[in-house]
Amino acid sequence: MGMIIQHVLFLIYCVFVLHWNYSTVQAAIGVCYGRVGTNFPPPSEAINLIKSNGISRIRLFNPDPEALQPFSGTGIELLIGVPNEILPTLANSPVTISIEWLQSNIFAHVFPNQVKYLVVGNEIFLKDPFYSPYIVPAISKLYQALQTLGLATNIKLSSSHASTILSKSYPPSSGTFDSNIKPFLLPLLQFLRDTASPLMVNVYPFFAYINNPKYVSLDHALFRSSYVEYDQNLAYENMFDASIDAFVHAMEKEGFEGIPLMVTETGWPTVGIDGASIENAFTYNKNIVTRALNNVGTPKRPGVGLDIYLFDLFDENGKSGDEFERHFGIFGVNGIKAYDISFN
């Protein structure tokens with residue numbers, strides 16, 4: 001009996017230590033470096049801007065050599081996209097093709113120790129459902145390639161998804177994945193659990209507000225509401241927390257507790273529609289940074305910090321859609337901040 005008690009106490013100790021270590025590691029703030037446009041400063045100038053503002057992580061949506069190579073040796077950590085259109089080739093080819101692709105498209109331009117994550121496909125279920133069957137097979141081939149190169153423990157693999165992968169998201173406890181994508185999503189979640197990798201999500205309370213202004217107040221989206229909503233005895237003071245916890249509930253319903261989340265895009269536009277303004281963008285992003293750097297977590301996962309990437313480094317004048325889509329930039333192309341935000 002004594003040995004059993006000692007074993008139980010040891011397990012409790014291990015759980016405590018793991019949780020303490022995980023929750024006390026400061027979450028990282030990064031910035032997305034979108035390049036859909038015609039008037040950007042040269043990448044070398046952009047990197048000087050990034051470094052001078054203390055930004056230590058950058059997300060590149062594609063491994064464009066012109067943008068990627070100047071990061072080499074800077075110490076800036078990178079989250080690099082694997083384009084949707086390349087997934088069928090990687091999925092249906094021998095592992096050697098994935099090795100060659102990594103070496104020629106990424107490691108020929110930057111040191112492997114700068115690459116923290118590969119984002120294998122972006123918002124496929126929403127924008128490019130044709131590629132859905134190829135996500136996990138492509139990730140598996142890339143994982144085998146990284147293993148062969150001795151990099152699988154240092155570079156994590158995942159895939160980034162829009163909030164629309166949830167068929168229900170409010171209240172958070174009702175969070176449920178769209179049944180149409182489960183055949184592709186559940187194997188992804190299994191891979192993420194097996195490799196201790198995060199589910200990557202793009203979360204925009206801004207869109208929740210403009211699409212449902214009768215039900216989502218501007219203050220609730222901007223972290224300044226005095227109104228508290230309760231769900232299963234958890235208090236929600238803002239839309240961001242509710243959105244994140246909806247994903248947590250959805251994963252738990254499928255039997256995937258404990259998978260971490262990473263926010264690969266979030267932000268607020270400065271112009272182009274009602275609710276878009278410099279003041280609102282500053283308020284939203286400032287609160288996001290503060291919460292991340294203080295490991296605030298969410299009501300369902302308190303004290304567990306979220307790595308978050310703010311969208312976007314610059315306005316992108318080549319983006320399609322509504323006018324506000326082109327105005328998420330934190331900096332002007334002249335390098336001047338749209339608003340005075342700190343990243344550390």
Side-chain angles (χ1 to χ4, degrees), residues 25-35 43-44 46-51 54-87 89-91 95-124 135-136 138-161 188 191-192 194-202 260-265 292 306-313 343:
V25 174
Q26 187 180 73
I29 282 288
V31 178
C32 298
Y33 182 11
R35 291 170 48 80
S44 58
I47 289 170
N48 288 336
L49 181 69
I50 289 164
K51 293 173 69 175
I55 300 169
S56 59
R57 286 194 180 188
I58 286 290
R59 178 185 181 188
L60 291 169
F61 290 90
N62 294 290
D64 175 9
E66 180 186 358
L68 185 57
Q69 197 282 327
F71 281 97
S72 181
T74 62
I76 296 169
E77 296 178 340
L78 299 171
L79 185 149
I80 303 174
V82 179
N84 296 355
E85 56 271 17
I86 195 67
L87 301 194
T89 298
L90 298 179
V95 174
T96 52
I97 299 300
S98 291
I99 294 173
E100 291 172 7
W101 188 89
L102 288 170
Q103 290 177 326
S104 61
N105 288 276
I106 296 179
F107 303 138
H109 306 296
V110 293
F111 298 115
N113 63 1
Q114 284 184 250
V115 183
K116 300 295 291 184
Y117 295 95
L118 294 178
V119 186
V120 186
N122 183 49
E123 295 192 345
I124 281 177
I135 295 177
V136 172
I139 285 178
S140 296
K141 292 293 176 63
L142 287 168
Y143 183 67
Q144 293 174 58
L146 290 174
Q147 286 181 311
T148 301
L149 295 170
L151 299 171
T153 57
N154 300 321
I155 299 175
K156 296 289 187 179
L157 292 158
S158 188
S159 182
S160 186
H161 301 284
L188 173 63
F191 173 86
L192 298 180
D194 291 345
T195 59
S197 302
L199 175 65
M200 296 174 167
V201 294
N202 300 334
L261 280 163
M262 172 185 286
V263 179
T264 38
E265 285 182 43
L306 280 167
D307 287 353
I308 299 175
Y309 286 77
L310 300 177
F311 186 86
D312 198 2
L313 191 64
F343 303 91

Dump the intermediate steps for side-chain contact (heavy atoms from CB on, under 4.5 Å) on Met262 and Tyr309, then the final yes or no. CA-CA 8 Å; Met262 172 185 286; Tyr309 286 77; 4.1 Å; yes

Looking only at atom types and distance, does a side-chain atom of [X] sit under 3.5 Å from a main-chain N or O of [Y], one as donor and one as acceptor?
{"X": "Ser158", "Y": "Pro198", "value": "yes"}
{"X": "Ser160", "Y": "Val201", "value": "no"}
{"X": "Asn84", "Y": "Asn122", "value": "yes"}
{"X": "Gln103", "Y": "Ala108", "value": "no"}
{"X": "Asn62", "Y": "Asp64", "value": "no"}
{"X": "Asp307", "Y": "Ala28", "value": "yes"}

Atom [atom1] in [X], atom [atom2] in [Y]: separation rounded to 0.5 Å?
{"X": "Asp312", "Y": "Arg59", "atom1": "CG", "atom2": "CZ", "value": "10.0 Å"}
{"X": "Met200", "Y": "Leu79", "atom1": "CE", "atom2": "CG", "value": "4.5 Å"}
{"X": "Asn105", "Y": "Ile80", "atom1": "CG", "atom2": "CD1", "value": "10.0 Å"}
{"X": "Ile47", "Y": "Ile76", "atom1": "CD1", "atom2": "CD1", "value": "5.5 Å"}
{"X": "Ile99", "Y": "Gln144", "atom1": "CD1", "atom2": "CD", "value": "9.0 Å"}
{"X": "Ile55", "Y": "Phe343", "atom1": "CD1", "atom2": "CZ", "value": "4.0 Å"}

Measure across [X] and [Y] and return the closest heavy-atom pair with its distance rounded to 0.1 Å.
{"X": "Lys156", "Y": "Thr195", "result": "NZ-O, 2.7 Å"}
{"X": "Ser159", "Y": "Gly121", "result": "OG-O, 3.3 Å"}
{"X": "Leu68", "Y": "Ile106", "result": "CD2-CA, 4.0 Å"}
{"X": "Val110", "Y": "Val115", "result": "CG2-CG2, 4.0 Å"}
{"X": "Ala27", "Y": "Ala292", "result": "CB-O, 3.4 Å"}
{"X": "Ala152", "Y": "Gln147", "result": "CB-CG, 3.6 Å"}

So Leu151 and Leu102, do their side chains get closer than 4.5 Å, heavy atoms only? no

Any heavy-atom pair between the side chains of Phe107 and Leu149 that's under 4.5 Å? yes

